[in-house]
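Accompanying notes for the structure given below.
Each chain gets a letter, A, B and so on, in the order the sequences are listed, and its residues count up from 1. Heavy atoms only: backbone and side chains are in, while hydrogens, waters and symmetry mates are out. Quick caveat, the model's predicted, so the values are computed rather than measured.
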Amino acid sequence: MQAMIDAVLPSMEKAVQDVGIQGDFWRNMLSRSKEASQGDLALPCFPFAKQLGCSPNEVAQKIADALELEIGEAIAVGPYVNIRASITWLANQIHQVPESKGSILIEHTSANPNGPFHVGRARNAVLGDTFVRMHRAAGYDVTAEYYVDDMGKQVGILCWALENLDEGRVHALLEEGGISSETSPHSGKQDHARVLWYQAANLLKAKDASVDAGVTELVQLSEEADEDILDRFESAYQPVLDGMLDTLGRMGIRFDSFTKESRFIVDGSVETLMGQLQSSELHGVAENGAHYLELESKGVKGKSTQFFYRRGDGSSLYATRDLAYHEYKWTQSDRLLNILGEDHKLQSKQVGIALEELNIQPPEVVFYAFTKLADGKMSTRRGNVVYMDDLLDEARSRALETVRESKPDLSEEKLLQIAEAVGISATRFNIARISPEKGITFRWSDALSLEADSAPFIMYSYARACSIQRKAGEVDAGFVLNPELLDGTAADLIRRLAYMNDELQTAIDSRSPHMFCAWLSALAVDYNRFYRDNYVIDDNGVNTQNLYISELAREHLRRGCEAVGIIPIEEM
RNA sequence: GGGCGCGUCGCAUAGCUGGAUAUUGCACCGGCCUCCUAAGCCGGAUGUCGUGGGUUCGAAUCCUGCCGCGCCCGCCA
């Protein structure tokens, strides 16, 4: 952990010099021990051996002997110097509150409002919201932002369908196309209702050219920011978007601001940027008058290295509006983070280069690999999807079985509440705990797993701590932990707690939410072991020190859960 | 064809700015509820880290050839 390294470095500097080592290349080698049993920090001594002309083991012993540490002790183990922080020092770390770290705008999800939220899109939302939550927990001022695609082809098709198809036609088309239109428990939601129109229009488009013509006309007008068309588009997509946001809200995912794509056409900023790009050295014009930037010199490779930002007819493209969007976003925050699917990698690179040409700083980006179904890619258009609403229902009913079994006395309402929290948390955690660049194949059994290394496991530890607190009462405000008395699993727990802020920051900096998920799981394990070995309530009544530690763990479990979107419930 | 990413026990997964016996869970085998929540705890078995080379005192980690999978290479979004 960084605070520990900072604390050790001066002493290490001195010890290393005393032993006669030249240079400071070793600074980067001082790092986290891989296993807790080896201590907190380790310095491998192999490279020193040559310089000093003795064995790594001897060097390690010399350095360990020369080290004078305030935070703990150093022991040479073979060719390593292992440093173990004292529980006293670690316990002090626990109370360090993260300082304020400035503002960040995190844009995520931003799915086309053309149908219900499905589990492929969910990875963006879960990842994005986890970043939002982790940043908040670490002291950042976060804006969660949704970019609304309120113009262009997808919305155009939806709008055209709603204005030109009736219910009978829609069902006939879907049946013919082999897409199910049977009513689900969610068919009352407008996202579920209207997606049928969208799917039907896509089917019809394949065999009736007049559909394309109709849609194209709408899309063209929308790109000219035609007020009437934008209004019609909005009445088509807004109920769908609302339905999607309901689903997201159910998952605990909420946004602070929504920005419409059309805004940048309306306010003229897209036009201005297109003008500015003309003076770029990369600028070029195609035969039909379309404008582009030639990106070959910027390291872009492939069939086409040209980034088109203006069509032959003078209109802008999605990516062009994205440039204006980023310019706008920088007026809102100190830092920008985008959560994007890996299919956007090239586009994102192109936009980044174009932004640099405009002297606008590119955003930071997290890419994640796709979620696919066992039988192929998910597609709203083709109806090959698992909807999030259905997944969450299924997760809840699975959880309900388990809760009913273990808590038969609870009321039906309470059972449902717990099951809902467990289902949502498990679903989210199963996504957040996997490193983003790894592809996921959706399987019901995985998605609904309530086993260990899962959200319910962590929730259970928290509920256990809550139960103990209810029985044992509050700790006196003036109570001070006596770390000298701690050992075994109690000391392990304190050590784990002390690492929280560091783990959180590391996960943020390396854009790896799964790392913080792993820490949280480990905390739950440590708490369960502490629980086994250290009774808060025994024959003599309440052990205040153990209650105090249990309460520390409870508080950290709660904060950790909130940082990854697990719902901490007090009973389960 | 080119670019980017991934490939770790039967399944899933961590580690990848090189370092000590490769992490964790599921499944499998065995043990623990007269005691604060057993959705828990303890123990066991399971691995050519895709594959061939290379660099290094040391490679899952770096370089490189090959194989497999995914994504991308639109004046679409």
In sequence, state the C-alpha distance, the side-chain angles, and the governing distance for A:Phe48 and A:Phe25, and then conclude on ring-ring contact (aromatic ring centres under 6.0 Å, His included). CA-CA 10 Å; A:Phe48 305 135; A:Phe25 62 95; 5.7 Å; yes

chi for B:rC33 classified (syn = within 90 degrees of 0, anti otherwise) as syn

Problem set entry | Check against ring-ring contact (aromatic ring centres under 6.0 Å, His included), A:Tyr292 and A:Phe307 | CA-CA 5 Å; A:Tyr292 61 86; A:Phe307 169 66; 9.9 Å; no

- Remember a base hit wins even if backbone is also touched, and classify A:His291 as base, sugar-phosphate or nothing at under 4.0 Å, heavy atoms. nothing

Name the nucleic acid region contacted by A:Met515, choosing base, sugar-phosphate or nothing; use a 4.0 angstrom heavy-atom cut-off, strictly under. sugar-phosphate

So, do A:Tyr535 and B:rC35 meet the stacking rule of ring centres under 5.5 Å and planes under 30°?
no

Separation between the C1' atoms of B:rC26 and B:rA39, rounded to whole Å
14 Å

| message | Please report the distance separating the P of B:rA20 from the corresponding atom of B:rC49, rounded so that it comes out in whole Å. | response | 15 Å

Over all strands shown, is A:Asn112 touching base, sugar-phosphate only, or nothing at heavy-atom distances under 4.0 angstrom? sugar-phosphate

Relative to the ring of A:Phe264, is the ring of A:Tyr147 parallel (under 30°), tilted (30 to 60°) or perpendicular (over 60°)? tilted

Could you check A:Asp40 against A:Tyr499 for side-chain hydrogen bond (donor to acceptor under 3.5 Å, both in side chains), going step by step and ending with a plain yes or no? CA-CA 10 Å; A:Asp40 296 287; A:Tyr499 275 85; 2.6 Å; yes

Under 4.0 Å, counting only non-hydrogen atoms across every strand here, what does A:Asn82 touch: a base, just sugar-phosphate, or nothing? base

Determine the interplanar angle of the A:Tyr531 and A:Tyr527 rings, folded into 0 to 90°, and report it as parallel if under 30°, tilted if 30 to 60°, perpendicular if over 60°. tilted

Paired to B:rU61 by Watson-Crick or G-U wobble criteria (both distances under 3.5 Å) is none

Quick note, A:Met572 side chain, CB onward, closest among B:rC76, B:rA39, B:rC36 is B:rA39

| Contact class for A:Glu570 (heavy atom, under 4.0 Å): base, sugar-phosphate, or nothing? | base

Mind checking the C1' distance from B:rU8 to B:rG68? Whole angstroms is fine.
15 Å

query: Touch check for A:Gly78, heavy atoms < 4.0 angstrom, all strands: base, sugar-phosphate only, or nothing?
result: nothing

| message | What contact category does A:Asn114 fall into here, base, sugar-phosphate, or nothing, at under 4.0 angstrom with non-hydrogen atoms? | response | nothing

>> What's the gap between B:rC4 and B:rU21 when it is taken at their C1' atoms, as a whole Å value?
In response: 36 Å

pair_partner(B:rC11), Watson-Crick or wobble, both distances < 3.5 Å, evaluates to B:rG25

query = Given A:Glu145 and A:Thr259, is the side-chain hydrogen bond (donor to acceptor under 3.5 Å, both in side chains) satisfied, shown in steps?
reply = CA-CA 8 Å; A:Glu145 159 89 6; A:Thr259 304; 2.7 Å; yes

Exercise. Looking across every strand, which nucleic acid part, if any, lies under 4.0 Å from A:Arg321 by heavy atom: base, sugar-phosphate, or nothing?
Worked result: sugar-phosphate

### Query
Is any side-chain nitrogen or oxygen of A:Arg529 closer than 4.0 Å to OP1 or OP2 of B:rC42?
yes

For B:rG40, the nucleotide meeting Watson-Crick or G-U wobble distances (both under 3.5 Å) is B:rC32

Q) Counting any heavy atom closer than 4.0 Å, what does A:Ser304 reach on the DNA or RNA strands: base, sugar-phosphate only, or nothing? A) sugar-phosphate

Note to self: According to a cutoff of under 5.5 Å between the ring centres and under 30° between the ring planes, does A:Tyr318 stack with the base of B:rC76?
What the structure shows: no

Could you walk me through whether A:Glu555 and A:Arg558 satisfy the salt bridge (Lys or Arg N to Asp or Glu O under 4.0 Å) test, starting with their C-alpha distance in whole Å, then the side-chain angles of each, then the deciding distance to 0.1 Å, before giving a yes or no?
CA-CA 5 Å; A:Glu555 176 59 20; A:Arg558 190 185 57 71; 2.6 Å; yes

Mate of B:rC71 across any strand shown (Watson-Crick or G-U wobble, both atom pairs under 3.5 Å) is B:rG3

Readout for nucleotides 5-10 of chain B: B = base within 4.0 Å of protein heavy atom, S = sugar-phosphate only, - = neither; 5' to 3' it is SSSB--

Notebook entry, point to check: How far does the P atom of B:rU13 sit from the matching atom of B:rG7, given to the nearest Å?
Noted result: 9 Å

- Query: So, is A:Arg311 near the phosphate of B:rA77, with a side-chain N or O under 4.0 Å from OP1 or OP2?
  - Reply: yes

- prompt: Is A:Ser461 touching bases, backbone alone, or none of the nucleic acid, heavy atoms closer than 4.0 Å?
  reply: nothing

Rounding to the closest angstrom, what is the interatomic distance between B:rG50 and B:rC28 at atom C1'?
26 Å

I'd like the C1' distance from B:rC73 over to B:rA27, given in whole Å.
42 Å

RNA chain B nearest-nucleotide lookup for A:Tyr460 and A:Gln154: closer to the 5′ end is A:Tyr460

Closest to the side chain of A:Leu346, out of B:rG40, B:rA39, B:rC73, is B:rC73

_Using a 4.0 Å heavy-atom cut-off, does A:Val403 contact any base of the nucleic acid, only the sugar-phosphate backbone, or nothing at all?_
base

Any side-chain N or O of A:His514 below 4.0 angstrom from OP1/OP2 of B:rG15? yes

Across every strand shown, the nucleotide meeting Watson-Crick or G-U wobble geometry with B:rG47 (both distances under 3.5 Å) is none

- [ ] Please measure how far the C1' atom in B:rA59 lies from the corresponding atom in B:rC72, and state the result in whole Å.
- [x] 31 Å

- prompt: How is A:Gln347 classified with respect to the nucleic acid when contacts are heavy atoms under 4.0 Å: base, sugar-phosphate, or nothing?
  reply: base

Judged by nearest nucleotide, the residue sitting upstream toward the 5' end of RNA chain B, A:Lys372 or A:Ala319, is A:Lys372

request  = Indicate, yes or no, whether a donor-acceptor pair under 3.5 Å links the base of B:rC75 to the side chain of A:Asn288.
outcome  = yes

message = Within the 4.0 Å heavy-atom criterion, would you say A:Ala518 contacts the bases, only the backbone, or no part of the nucleic acid?
response = nothing

*Does B:rG40 have OP1 or OP2 sitting under 4.0 Å from an N or O in the side chain of A:Tyr527?*
no

* **Touch class at under 4.0 angstrom, heavy-atom based, for A:Gln38 against every strand present** => base

